[in-house]
Amino acid sequence: MIGLAGVIVLLALAVAACGVTPQTTLNPTTEAGRATHSLLLLVFWAGLAVFVVVEGVLLYALVRYRRRRGDTLPRQTHGHTGLEIGWTIPPTILLVVVAVMTVPVIFANAEEPGADAVAVRAIGHQWWFEFTYPDLGVVTANELHLPVGKPAAISVESVDVLHSFWVPALRGKVDMVPGRTNVMTIVPEAIGTFRGQCAEFCGTAHALMRFTVVVEEPAVFDAWAQRQLDDRVPPSTALAKVGEELLQPTGCVACHTIRGVSEIGVLGPDLTHVGSRGHLASNIMDMSHQNLAKWLRDPTGVKPGSFMRLPRPLTEDEIEALVEYLAGLQ
Ligand code: CUA
């Protein structure tokens with residue numbers, strides 16, 4: 001008995017420890033998210049009720065009609081109209097209720113936004129997210145900015161394998177399918193930063209394929225978009241200048257575009273404003289000099305499977321210069 005009480009206390013503590021849950025699906029902050037959430041609750045409570053009734057009847061029958069000494073075989077029943085109706089009609093009614101509640105949500109979720117929506121292409125890569133704003137000309141990675149209160153029409157695509165676009169606090173998942181464009185509308189209601197995650201197994205670094213959605217005031221969003229259009233900020237220190245000069249010999253620009261320096265690299269994220277992002281390496285680390293250095297020293301050690309390849313290991317001096325330069329790309 002004491003053992004059982006101990007287990008219960010430990011479980012309660014474990015559950016209480018789950019206070020920080022950036023990827024919880026249980027706190028939707030949009031209308032579409034709340035509509036889906038209400039369906040989850042409906043099915044959950046209905047399922048719980050069915051479970052309690054069925055298990056209750058089962059337990060009652062197990063105890064009440066258990067075999068006792070001297071029992072003979074009871075009367076065998078084959079077919080019972082009352083029972084058959086009893087276990088057919090209520091489940092049917094329940095399923096009809098679930099369907100009637102679900103269908104309008106499916107249609108509402110599939111509704112196309114108006115022409116004033118912010119158009120975004122979300123493109124899945126192994127293992128990072130590219131975000132482009134075709135009407136604004138902005139190209140960025142792993143950090144999606146959206147103005148609050150305005151619908152965003154997000155074209156969800158992939159260049160290689162199946163991924164899935166998922167920001168639990170905003171809406172349900174939409175698959176990123178190579179050769180196909182799925183569209184989802186998000187109307188963010190709350191200012192803040194929300195965690196996104198690839199939700200379809202896509203290879204080695206699937207679990208480390210994350211992104212952030214930054215929902216901000218329209219004016220702040222406009223200013224952000226405007227800054228993103230600029231070419232890279234020229235290096236402001238001698239060390240950063242050395243960093244920029246290293247981009248060619250180290251091969252960085254073969255995969256990465258840094259507008260104002262080179263635009264041939266399209267395999268990796270656009271780095272023109274990488275220093276302005278809150279995270280790096282598809283959001284597995286906060287943006288800092290220390291983490292940039294860690295990343296440049298050993299990308300596949302930090303993110304197993306990463307396609308970030310260095311033609312040769314960088315020296316510590318080179319890393320220092322590149323970090324100074326990259327962090328300055330605001
Ligand atoms: Cu991309 Cu999992």
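For ligands, and for the atoms within them, numbers begin at 1 and follow the listed sequence.
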Distance-only donor-acceptor hits, side chain of residues 154-163, under 3.5 Å, sequence neighbours excluded:
{"unit_1": "Glu157", "atom_1": "OE1", "unit_2": "Arg121", "atom_2": "NE", "d": "3.3"}
{"unit_1": "Glu157", "atom_1": "OE1", "unit_2": "Arg121", "atom_2": "NH2", "d": "2.8"}
{"unit_1": "Glu157", "atom_1": "OE2", "unit_2": "Arg121", "atom_2": "NE", "d": "2.9"}
{"unit_1": "Ser158", "atom_1": "OG", "unit_2": "Asp160", "atom_2": "N", "d": "3.2"}
{"unit_1": "Ser158", "atom_1": "OG", "unit_2": "Val161", "atom_2": "O", "d": "2.5"}
{"unit_1": "Asp160", "atom_1": "OD1", "unit_2": "His163", "atom_2": "NE2", "d": "2.8"}
{"unit_1": "Asp160", "atom_1": "OD2", "unit_2": "Gln126", "atom_2": "N", "d": "2.8"}

Acceptor/donor pairs from residues 134-145 side chains to any protein atom, 3.5 angstrom cut, sequence neighbours excluded:
{"unit_1": "Thr140", "atom_1": "OG1", "unit_2": "Arg277", "atom_2": "NE", "d": "3.4"}
{"unit_1": "Asn142", "atom_1": "OD1", "unit_2": "Phe129", "atom_2": "N", "d": "2.8"}
{"unit_1": "Glu143", "atom_1": "OE1", "unit_2": "Gly278", "atom_2": "N", "d": "2.7"}
{"unit_1": "Glu143", "atom_1": "OE2", "unit_2": "His145", "atom_2": "NE2", "d": "2.8"}
{"unit_1": "His145", "atom_1": "ND1", "unit_2": "Glu216", "atom_2": "OE1", "d": "3.4"}
{"unit_1": "His145", "atom_1": "ND1", "unit_2": "Glu216", "atom_2": "OE2", "d": "2.8"}
{"unit_1": "His145", "atom_1": "NE2", "unit_2": "Trp224", "atom_2": "NE1", "d": "3.3"}

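Atom 2 (Cu) of ligand 1 has Cys198 SG, Glu200 O, Cys202 SG, His206 ND1 as protein N, O or S atoms under 2.8 Å away.
Taking the six-membered ring where the residue is Trp, the centroids of Trp128 and Phe211 are separated by 6.0 Å or more.
The closest side-chain donor-acceptor pair between Asp270 and Thr272 falls under 3.5 angstrom.
The side chain to side chain donor-acceptor pair (under 3.5 Å) contacts involving residues 232-253 comprise Arg232-Glu244, Thr237-Glu324, Lys241-Glu245, Glu244-Tyr325, where partners must be two or more places apart or lie in separate chains.
We find the CE-CH2 distance between Met184 and Trp166 to be 11.5 Å, quoted to the nearest 0.5 Å.
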